[in-house]
Amino acid sequence: MLWSGWGDPAKASELPEPIRRLLQDMLGVRSPETPAVSFDEVRLPAVALPPSVLAELSDVVGAGHVRLDDEARIRHTRGKSTPDLLRMRLGDGSDAPDAVVLPGSHAEVLDLLRICAEHRVAVVPFGGGTSVVGGLVAARQGFAGVVALDLARLNRLISVDAESMVVEMEPGLRAPQAEQLLAAHGLTLGHFPQSFEYATLGGFAAARSSGQASAGYGRFDDMVVGLTVATPRGTLDLGRAPKSAAGPDLRQVILGSEGAFGVITSLRLRVRRAPAERVYEGWRFGSFAAGSAALRRLAQDGPLPTVLRLSDETETMIGLAKPGELGGLAADAGCLVIAGYEGTAEEVGLQRERASAVLSGLGGVHLGAGPGESWAHGRYSAPYLRDSLLAEGATVETLETAGFWSDLPRLYDAVRLSLHASLGSPLVMCHISHVYGTGASLYFTVVTAQTADPLAQWDAAKRSVNEAIITAGGTISHHHGVGRDHREAYAEEIGELGVEILRGVKDRLDPEGILNPGVLVTQD
Ligand SMILES: Cc1cc2nc3c(=O)[nH]c(=O)nc-3n(C[C@H](O)[C@H](O)[C@H](O)COP(=O)(O)OP(=O)(O)OC[C@H]3O[C@@H](n4cnc5c(N)ncnc54)[C@H](O)[C@@H]3O)c2cc1C
């Protein structure tokens with residue numbers, strides 16, 4: 001993973017000349033005033049942890065699994081939001097952990113938490129490091145230091161119960177590794193977020209992730225049937241049946257807790273048979289409203305494709321434009337729907353026929369496999385483009401929310417208006433990324449020219465758009481989570497009593513407050 005950007009540096013792409021010109025002409029993008037620093041120029045704070053504490057940590061995991069080198073510390077600094085990348089490009093390593101510790105078992109995690117609680121050392125559970133909401137930045141104040149607890153060594157497929165279609169896996173498995181292990185048994189999780197190449201199972205559960213095929217396979221929190229969690233107070237083992245009426249479901253307290261209540265050390269997950277066939281295709285609707293109505297019909301009356309998403313007019317226009325043909329942007333491109341079907345050949349055939357009848361009955365024009373295949377081919381490549389845009393002097397960031405169908409048009413307008421009010425004339429694109437019977441999520445991509453202080457520029461825009469989302473009745477996050485960036489808006493969403501409940505849970509599980517301090521909820 002590129003330390004100041006996304007993914008495999010070999011896959012980095014140059015911006016095509018027509019796009020560069022478009023950014024300059026349309027958005028006024030100019031080269032950034034401060035060029036990005038090199039790896040060696042990142043400024044790191046001195047290691048604050050006393051040698052005696054480091055020795056205790058090494059006794060648990062072995063000296064080779066406690067890393068203090070710059071390389072490890074820089075690679076565990078923050079996550080991958082645009083502000084995170086902008087800070088790294090400026091050489092700001094001030095949030096680096098003092099040490100990166102790699103436990104090899106649940107028992108070791110328990111021991112590490114005990115030592116850290118004893119010495120008041122903050123602990124940041126670290127999966128793939130792809131958080132985009134500040135979920136990997138611990139408050140340092142009042143702590144002897146900060147440890148990044150990297151779960152990469154917990155990477156086993158522990159068991160497969162083919163009869164129940166339940167597997168037990170460790171949290172440090174990255175999604176591609178997990179899919180590979182399951183493929184050997186003819187199984188799949190079906191969880192394909194855009195961060196698929198790097199994110200881990202523990203991170204998916206801790207941040208309630210949702211994948212691009214979640215219409216068919218469900219969100220990640222739907223897949224979790226059981227969890228083992230290490231806390232400073234001991235072990236929690238949750239989930240012993242597919243459904244239960246035995247009181248409130250405590251799994252739900254851990255799902256979405258973003259490392260603030262405990263460290264997930266194993267997951268029991270519902271799996272599906274790997275599909276024999278996958279078909280993705282495109283449909284065009286005249287407007288976002290007409291496309292939304294069609295998606296709602298499929299979500300409410302079925303059949304629901306495995307993948308279902310709708311781009312608004314702007315996203316469709318930009319997405320359809322071929323870089324070489326930007327002069328002739330199709331303003332009447334309408335709105336693109338991607339519908340994908342996965343399963344046996346028979347299931348795919350039947351689903352596709354029935355869904356197609358609904359889509360064409362509601363005004364959709366079938367575009368064939370071309371747009372579907374090109375979406376599937378490029379589904380993990382957009383984050384690479386962000387790095388090129390940042391280097392060019394454009395800020396590009398994404399944000400997301402969800403609401404009930406009846407609130408969705410208001411929510412869509414509120415977000416766009418807020419971004420325009422804060423950023424002048426940004427390019428704002430949106431798609432409906434996930435659908436439910438009762439509502440849907442809206443996923444926005446914003447591109448704007450950087451000012452002299454792009455961090456302050458985005459911070460102001462983000463504050464006002466968070467406010468706009470809450471005022472318009474949306475949730476502050478459908479799948480990115482809370483972290484530090486959404487903490488205040490989340491508190492508004494759940495109210496004072498809701499915050500007190502979370503604090504109560506944290507006080508009980510983590511009395512010293514060492515777990516991810518400042519993430520999800522503050523303790524005062
Ligand atoms: C380019 C890009 C695209 C993305 N696309 C999507 C998308 O399509 N869908 C989506 O849902 N999200 C997406 N995300 C957000 C992110 O990938 C998800 O939040 C993901 O779930 C994080 O997984 P991770 O392993 O990287 O976790 P990390 O970023 O390492 O951690 C996330 C949070 O969970 C905590 N945590 C991690 N592991 C554990 C554990 N074992 N126990 C307890 N706490 C833990 C961390 O402390 C942190 O607070 C995207 C991010 C990027 C950068």
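Ligands are counted one by one from 1 in listed order, and the atoms in each one are counted from 1 as well. This is a predicted model, so every value here is computed, not measured.
- Using a 4.0 Å cut-off between heavy atoms, P193 contacts ligand 1 through both its backbone and its side chain.
- Of all protein heavy atoms, the one closest to atom 9 (N) of ligand 1 is S210 O, 2.8 Å.
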Checking S477 against E400 for the side-chain hydrogen bond (donor to acceptor under 3.5 Å, both in side chains) test, could you report, in this order, the C-alpha distance in whole Å, the side-chain angles of both residues, the deciding distance, and whether it holds? CA-CA 6 Å; S477 175; E400 41 84 47; 2.8 Å; yes

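- From the protein, the heavy atom lying nearest to atom 8 (O) of ligand 1 is Q194 N, 2.9 Å.
- Atom 26 (O) of ligand 1 has T130 OG1, 2.6 Å as its closest protein atom, hydrogens excluded (heavy atom only).
- Classification of D237 and R268 as a salt-bridged pair holds, one side-chain N sitting under 4.0 Å from a carboxylate O.
- Each of the following atoms of ligand 1 lies closer than 4.0 Å to a heavy atom of L136: 29 (O), 30 (O), 31 (O), 46 (C), 47 (O), 48 (C).
- Atoms of ligand 1 found under 4.0 Å from any heavy atom of V263 (numbered from 1 in listed order, with element): 42 (N), 43 (C).
- Close approach to K80 involves these atoms of ligand 1, each under 4.0 Å from a residue heavy atom: 53 (C).
- Closest protein heavy atom to atom 48 (C) of ligand 1: G135 O, 3.3 Å.
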Where do R219 and D222 land on the salt bridge (Lys or Arg N to Asp or Glu O under 4.0 Å) test, with the steps shown first? CA-CA 5 Å; R219 294 162 57 93; D222 296 332; 5.3 Å; no

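- Only the side chain of N516 comes within 4.0 Å of ligand 1, judged by heavy-atom distances.
- Salt-bridge formation is detected for the pair R140/D98: a Lys NZ or Arg NE/NH1/NH2 atom is positioned less than 4.0 Å from an Asp or Glu carboxylate oxygen.
- Of all non-hydrogen atoms in T306 and E342, the two that sit nearest each other are OG1-N, 3.0 Å.
- If you look at F220 next to ligand 1, there are no close heavy atoms at all, none under 4.0 Å.
- For T200, heavy-atom contacts with ligand 1 shorter than 4.0 Å involve the backbone as well as the side chain.
- Just one residue in the list V229, L515, L520 forms a side-chain contact (heavy atoms from CB on, under 4.5 Å) with F261, and that residue is L520.
- Screening K11, R174, K80 for a salt bridge (charged side-chain N to carboxylate O under 4.0 Å, His left out) with E197, the sole residue that qualifies is K11.
- With a 4.0 Å heavy-atom cut-off, ligand 1 is reached by the side chain of P383 but not by its N, CA, C or O.
- Ligand 1 has no atom lying under 4.0 Å from any heavy atom of G481.
- Of the possible donor and acceptor atoms, none in the side chain of H65 sits under 3.5 Å from a partner among the backbone N and O of S58.
- Looking at V133, D150, V137, I264 and measuring to atom 41 (N) of ligand 1, the nearest heavy atom belongs to I264.
- Although no hydrogens or angles enter the test, the distance criterion places a donor-acceptor pair under 3.5 Å between the side chain of R120 and the main chain of E512.
- Taking every heavy atom of both residues into account, Y384 and W6 meet most closely at CE2-O, 3.5 Å.
- For atom 46 (C) of ligand 1, the nearest non-hydrogen atom of the protein is P125 O, 3.1 Å.
- Of the charged side-chain nitrogens involved, none lies within less than 4.0 Å of a carboxylate oxygen, so that D459 and K462 do not count as a salt-bridged pair.
- Against a heavy-atom cut-off of under 4.0 Å, G262 is close to the following atoms of ligand 1: 43 (C).
- A salt bridge links D92 with R78: at least one charged nitrogen is closer than 4.0 Å to a carboxylate oxygen.
- Heavy-atom proximity to atom 13 (C) of ligand 1, evaluated over S195, S131, G128, is greatest for S195.
- Using cut-offs of 30° and 60° for the angle between ring planes, the F204 and F220 rings count as tilted.
- By the criterion of a heavy-atom distance under 4.0 Å, neither the backbone nor the side chain of T265 is placed next to ligand 1.
- Looking at S209 against ligand 1, both its backbone and its side chain come within 4.0 Å, counting heavy atoms.
- Within the listing of ligand 1, atoms 21 (O), 23 (O), 24 (P), 25 (O), 27 (O), 37 (C), 38 (N) sit less than 4.0 angstrom from a heavy atom of G203.
- For ligand 1, the atoms lying closer than 4.0 Å to a non-hydrogen atom of A206 are 34 (O), 35 (C), 36 (N), 44 (N), 45 (C).
- A heavy-atom distance below 4.5 Å is not found between the side chains of N516 and V123.
- Backbone and side-chain nitrogen or oxygen atoms of G127 are examined, and one is located within less than 3.5 angstrom of a nitrogen or oxygen of ligand 1.
- The P171 neighbourhood of ligand 1 comprises atoms 41 (N), with distances under 4.0 Å to a heavy atom of that residue.
- Within ligand 1, the atoms closer than 4.0 Å to a non-hydrogen atom of G129 are 26 (O), 28 (P), 29 (O), 30 (O), numbered from 1 in the order shown.
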